[in-house]
2 protein chains.
Amino acid sequence: MVQYGSPSLDLSFAALSDATRRGIIDQLGRGDASITSLADKFQMTLTGMKKHVQVLERAGLVVTQKVGRVRTCKLGKRSLKAEAEWIEAHRKLFEARFEALDEIISEMKQEGSDETAN
Amino acid sequence: MVQYGSPSLDLSFAALSDATRRGIIDQLGRGDASITSLADKFQMTLTGMKKHVQVLERAGLVVTQKVGRVRTCKLGKRSLKAEAEWIEAHRKLFEARFEALDEIISEMKQEGSDETAN
DNA sequence: TCCATACTGAACCATATAGTTCAGTGTCTA
DNA sequence: TAGACACTGAACTATATGGTTCAGTATGGA
């Protein structure tokens, strides 16, 4: 795969594409948590939960710290800034398209429509 | 996988997690394009490009219409609103954590620090 | 009518993801 | 010091992803 964009956006959007991981972020927003407590909450094995946490950690969205036998997870310092910026920048493109679509619709009303065919 | 969140967020964040697909959205923001022109631009086979476009289409980020032998791709009506909202809502959680971190750092300066160990 | 163009679909490959089990290792705590 | 607890890592499974090639089908133009 040829790289065009930011590999960190790759990692964070991929991390956010799983509902369990979005739930973990939600949960950590309410307070730090151990792997065990997260695994309980999301009904998953410790090993499975650890993998999710690692994905979030690689994306910089979560940091963990092991004290004694307990690994505590908390929200990281990435703060979703770059992601918010990408999305906001591109929402403008989408909105510009809407205006263009309005024109097309008026045109279609005049001359009869094509199909989204095949 | 037990589902907790929105399956449409799953699809759109997954779609955005690939730099080529983010590039396609970028490109379509500058104007509609055929599969062939996108494949050229991103140096990829037609088949490969078609798959990317299908991922974007399933996520609602792109719509396509075939006229004659040409399939034209344009930005869809999803507009990234839900994605922007999720991210904005959660940025607040991250920022709240920062303040908490500041407290922790001051505490650590007083009593000597732990390690992010193991 | 014939050829080039534009796409489509099936099949394949390598790698990643989402999860599991099982067998550890290290740390409390009674 | 024995057991319980919290995690870790390897190995395995099933499925998805990102890409390819190859063999079509359908359309448009000379």
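Here is how names work: the chains are called A, B, and so on, in the same order as the sequence lines, proteins then strands, and each is numbered from 1. Note that the coordinates shown come from a computational prediction; the quantities given were computed from them, not determined experimentally.
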Review point. Looking only at side-chain N and O atoms, does A:Arg69 come under 4.0 Å of OP1 or OP2 in D:dA4?
Key: no
Review point. What is the distance, rounded to the nearest whole Å, between atom CD of B:Gln65 and atom C1' of D:dT27?
Key: 16 Å
**Study point:** Residue-phosphate contact under 4.0 Å: B:Lys50 side-chain N/O, D:dG19 OP1/OP2
**Key:** no
Check your understanding: More 5' along DNA chain C: B:Val70 or A:Ala14, using each one's nearest nucleotide?
Key -> B:Val70
Exercise for review: Would you please confirm or rule out a distance under 4.0 Å between OP1 or OP2 of D:dT8 and any side-chain N or O of A:Lys51?
Suggested key: no
Check your understanding: Any N or O donor-acceptor pair linking the side chain of B:Thr45 to the base of D:dG19 at under 3.5 Å?
Key -> no
Point to revise | Nearest-Å distance for atom pair CG/P, residues B:Asp40 and C:dA6 | key: 9 Å
Point to revise | Residue of the set B:Leu28, B:Leu61, B:Asp26, B:Leu75 for which side chain to side chain contact (heavy atoms under 4.5 Å, CB included) holds with A:His90 | key: B:Asp26
Exercise for review: Check every strand shown and say whether A:Gly68 touches a base, only sugar-phosphate, or nothing at a heavy-atom separation below 4.0 Å.
Suggested key: sugar-phosphate
Exercise for review: Verify, without hydrogens or angle tests, whether B:Arg21 (side chain) and B:Ala15 (backbone) share a donor-acceptor contact under 3.5 angstrom.
Suggested key: yes
Check your understanding: Do the side chain of B:Ser12 and the main chain of B:Ser8 share a donor and acceptor less than 3.5 angstrom apart?
Key -> yes
Review point. Counting side-chain heavy atoms from CB outward, which of D:dG18, C:dT21, D:dT21 is closest to B:Thr47?
Key: D:dT21
Check your understanding: Quick one: is B:Arg21 getting a side-chain N or O under 4.0 Å of the D:dT17 phosphate, OP1 or OP2?
Key -> no
Exercise for review: Compute whether any side-chain donor of one residue and acceptor of the other, for A:Thr64 and A:Glu57, lie under 3.5 angstrom apart.
Suggested key: yes
Review point. With a non-hydrogen cut-off below 4.0 angstrom, is B:Leu46 in contact with a base, only sugar-phosphate, or nothing?
Key: base
Point to revise | Whole-Å gap separating P (C:dT17) and CZ (B:Phe13) | key: 17 Å
Exercise for review: Figure out the CZ/C1' separation between B:Phe42 and D:dT20, and round it to whole Å.
Suggested key: 19 Å
Exercise for review: Starting at atom CE of B:Met49, determine the distance to atom C1' of D:dT17, rounded to an integer number of angstrom.
Suggested key: 15 Å
